[in-house]
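Remarks on the structure that follows.
Order of listing sets the numbers, starting from 1, for every ligand and every atom in it.
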Amino acid sequence: MPPLLSLSATSRATPVLLLTGFEPFGGASSNPSQDIVRALDGKAVAGHRVAGAVLPCVFGTARRELNALLRRHRPAVVVCLGVAGGRAGVTPERVAINLEDARIPDNSGAQPLDRPVIRGGPAAYWSTLPVKAIVAALERHGIPASVSHSAGTFVCNHVFYALMHALRRRRVRAGFIHVPAAVVRPGPRAPGLPLALQIRAVTLALEVSVRRRTDLRRTGGSEH
Ligand code: PCA
């Protein structure tokens, strides 16, 4: 069938943007990062095809699945998502650290303490996404956002560190963004953002990640 043939020829030529999220964890029944990935899987963003995948919230397995996705898709850009309940806005992470110290068990019941993600790896890797430009773009659209300097020490940081380690010798822009809880009516007692706004925010973040090779020079630091 000619249309199918030409479709597969186009999709092979189109660079892939790998977008991952996480399954629910810690007793929750949903995870907005999973819902965002499902909404954007297969979509076109800035000349790239989004390949979405949901990772298990399990140390080790998540890292192996991520590495398999990198081998399968050979992506041009990678953005991993996870939820950070309690945060009010969207927070691109600046740094992944070589540490696992789980406050709660992962979805397999494992709870590593004071263990490196990769034995012998450097203490940290920087995100190669334009984190400040992403924040600026979100703010321009009225979406609360800030640069974060800690992705924690649970499975999100584990995946973020493993991602940057896997790509350390490759010119593939990659990083991690924490999204807040999905709430219908955000307020001081219910920090978070509606899911539809989060999908829009991540779409904007992906566009900026594809288009900007260098970050903006603007304030984005914090005192604590
Ligand atoms: N958030 C957790 C793990 C999975 C997720 O979505 C974290 O921040 O580590």
What residues come within 4.0 Å of ligand 1, counting heavy atoms only?
F22, F25, N31, C57, G82, V83, F154, V155, C156, H178

By side-chain hydrogen bond (donor to acceptor under 3.5 Å, both in side chains), which residues pair with S127, not counting sequence neighbours?
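For S127 there are no side-chain hydrogen bond (donor to acceptor under 3.5 Å, both in side chains) partners, ignoring immediate neighbours.
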
May I ask you to say whether E100 pairs ionically with R63, meaning some side-chain N is under 4.0 Å from a carboxylate O?
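No, no charged N to carboxylate O under 4.0 Å.
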
Under a 4.5 Å side-chain heavy-atom rule over Ile, Leu, Val, Met, Phe, Trp and Tyr, are V208 and L216 clustered together?
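In one cluster: no.
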
Should L55 and I118 be counted in the same cluster of Ile, Leu, Val, Met, Phe, Trp and Tyr side chains packed under 4.5 Å apart?
yes

Over 60° means perpendicular and under 30° means parallel, so tell me whether F154 and F59 are parallel, tilted or perpendicular.
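Perpendicular: the ring planes of F154 and F59 meet at over 60°.
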
Shortest non-hydrogen contact from S209 to A205?
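Closest approach of S209 to A205: OG-O, 2.7 Å.
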
